[in-house]
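Report on the structure given below.
Naming: A, B, ... by sequence-line order, numbering from 1 per chain. This one's a predicted model, so the numbers in the text were calculated from it and none came from an experiment.
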Protein chains: 2
Amino acid sequence: MSRVFKALSDPTRRRVLELLREGPLSAGELAEHFNVSKPTMSAHFAVLREADLITSEKRGKSVLYHLNMSVLEEALMGFAEVFGLDVSVKTRIGAAHRDGASS
Amino acid sequence: MSRVFKALSDPTRRRVLELLREGPLSAGELAEHFNVSKPTMSAHFAVLREADLITSEKRGKSVLYHLNMSVLEEALMGFAEVFGLDVSVKTRIGAAHRDGASS
DNA sequence: ACATCATTTAGATGATTAGCTAAGTATCTA
DNA sequence: TAGATACTTAGCTAATCATCTAAATGATGT
């Protein structure tokens, strides 16, 4: 739980998660959106991976990062519950999810 | 936003908020629940105040701390929205809210 | 005024953090 | 095998963090 909030406490990392919401992206593609060095980005990815908010997958030369939505959801839910708040998945009517994963 | 998540990234501070959920408590009363020195607790209070998650009120010799529920709510809402999540106030049927604030 | 109680400020320390450059590891392609 | 491409690891620095003890502030009570 602390790890998740720690991860979320950095704007760059929050933005990374936001970008991944639309679908998986490579480390390089993600890095293009920020004005910091690749190694710095790599460190941010590591923090997010530690918190289990993202997962990585080797794809040829690249590394694809996926958002772990369920972890984000559950962390927020678990925390919110204590304060009498409900976290639920917003129903986006007609939202087509372009998700490359199998099935 | 970063300030809120940073504040939430420490378990002691999360627990302080949780304790304040039941109603205002003095610095000393709060400190009793933890195994750290008073000055350390005072520093934690400062972080929470910076994030506007709590407010302080002088009451005689003591300082009363109040939870700023609306700020917590709005921060969580604002963040969750980006990820297609809804945060709402849990309806606690029959919950008498002992809260002096007007409407 | 003085002592006491409640809390914060000052000042120090060791650990962690975000950032960098330079070097290392994999993978592809010629 | 050599070169290029995509990332990560190593190693550094400056800043922030959580913690402590000791001292300062502020309010109450005698």
Side-chain angles (χ1 to χ4, degrees), chain A residues 1-20 22-68 72 75 79 100, chain B residues 1-20 22-68 75 79:
Chain A
M1 179 87 112
S2 288
R3 237 184 290 261
V4 169
F5 282 121
K6 193 77 83 79
L8 295 181
S9 75
D10 184 280
T12 297
R13 290 192 291 259
R14 283 199 305 274
R15 183 78 182 120
V16 165
L17 295 180
E18 209 175 313
L19 288 167
L20 290 178
E22 300 302 318
L25 289 171
S26 71
E29 288 171 324
L30 284 168
E32 278 175 12
H33 292 79
F34 303 90
N35 273 328
V36 296
S37 70
K38 300 286 189 66
T40 296
M41 286 308 295
S42 201
H44 282 308
F45 300 148
V47 171
L48 290 168
R49 225 185 304 109
E50 287 281 308
D52 207 29
L53 287 167
I54 62 174
T55 56
S56 60
E57 179 200 357
K58 260 227 182 98
R59 272 289 205 155
K61 273 187 289 189
S62 306
V63 174
L64 268 194
Y65 282 107
H66 302 255
L67 174 60
N68 224 337
L72 183 61
F79 173 74
Chain B
M1 178 89 110
S2 289
R3 236 185 289 261
V4 170
F5 282 121
K6 191 75 83 80
L8 296 181
S9 74
D10 185 279
T12 298
R13 290 191 292 257
R14 283 198 305 274
R15 182 81 183 116
V16 166
L17 295 181
E18 207 175 315
L19 289 167
L20 290 179
E22 300 302 317
L25 290 171
S26 72
E29 288 171 325
L30 284 167
E32 278 174 11
H33 291 79
F34 302 90
N35 274 327
V36 296
S37 70
K38 300 286 189 69
T40 296
M41 286 308 295
S42 201
H44 282 306
F45 300 149
V47 171
L48 290 168
R49 226 184 304 108
E50 287 281 308
D52 207 30
L53 287 166
I54 62 175
T55 56
S56 59
E57 177 200 359
K58 260 225 182 99
R59 271 290 206 157
K61 272 188 289 190
S62 305
V63 174
L64 269 194
Y65 282 107
H66 302 254
L67 174 59
N68 223 336
F79 172 74

Here the pair of heavy atoms bringing A/Phe5 nearest to B/Ser9 is CB-CA, 3.6 Å
Heavy atoms only: give me the nearest A/Ala75-A/Val4 pair and the separation to one decimal.
->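 In this case the closest contact between A/Ala75 and A/Val4 is CB-CG1, 3.9 Å.
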Solution key, residues 12-20 of chain A side-chain donor-acceptor pairs under 3.5 Å, sequence neighbours excluded:
residue : atom : partner : partner atom : Å
A/Arg13 : NE   : A/Ala7  : O            : 2.9
A/Arg13 : NH1  : A/His44 : ND1          : 3.1
A/Arg13 : NH2  : A/Lys6  : O            : 3.2
A/Arg14 : NH1  : A/Leu8  : O            : 2.7
A/Arg14 : NH1  : B/Ser2  : OG           : 3.3
A/Arg14 : NH2  : B/Ser2  : OG           : 3.0
A/Arg15 : NH1  : A/Glu18 : OE2          : 3.2

Side-chain N,O (A/Tyr65) to OP1/OP2 (D/dT8) below 4.0 Å = yes
Let me have the donor-acceptor pairs involving side chains of residues 30-39 of chain A, under 3.5 Å, with sequence neighbours excluded, atom names and distances please.
residue : atom : partner : partner atom : Å
A/His33 : ND1  : A/Glu29 : O            : 3.1
A/Ser37 : OG   : A/Thr40 : N            : 3.3
A/Ser37 : OG   : A/Thr40 : OG1          : 3.0

In whole Å, what is the span from the CD atom of A/Glu57 to the P atom of D/dT8?
-> 14 Å
Nearest-angstrom distance from the residue atom CD of A/Glu32 to P of D/dT5 = 15 Å
How would nucleotides 19-30 of chain D be written as a contact map, 5' to 3', with B for base contact, S for sugar-phosphate-only contact and - for no contact, using protein heavy atoms under 4.0 Å?
-> BBBB----SS--
Shoot me the first and last contacting nucleotide of DNA chain C against chain B, ordered 5' to 3', at under 4.0 angstrom to non-hydrogen atoms.
-> C/dC5 to C/dT9
Who are the side-chain hydrogen bond (donor to acceptor under 3.5 Å, both in side chains) partners of A/Arg49, not counting sequence neighbours?
->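 A/Arg49 satisfies side-chain hydrogen bond (donor to acceptor under 3.5 Å, both in side chains) with A/Tyr65 once adjacent residues are dropped.
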5' priority, DNA chain D, between B/Ser9 and A/Ser26 [closest heavy atom] |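 Between the two, 5'-proximity favours A/Ser26.
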Throw together a table of side-chain donor-acceptor distances under 3.5 angstrom for residues 50-58 of chain B, partners on residues two or more places apart or in other chains.
residue : atom : partner : partner atom : Å
B/Glu57 : OE1  : B/His66 : NE2          : 2.6
B/Glu57 : OE2  : B/Arg59 : NE           : 3.4

Name the residue closer to the 5' end of DNA chain C, choosing between A/Val47 and B/Ser56 according to the nucleotide with the nearest heavy atom.
->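 Between the two, 5'-proximity favours B/Ser56.
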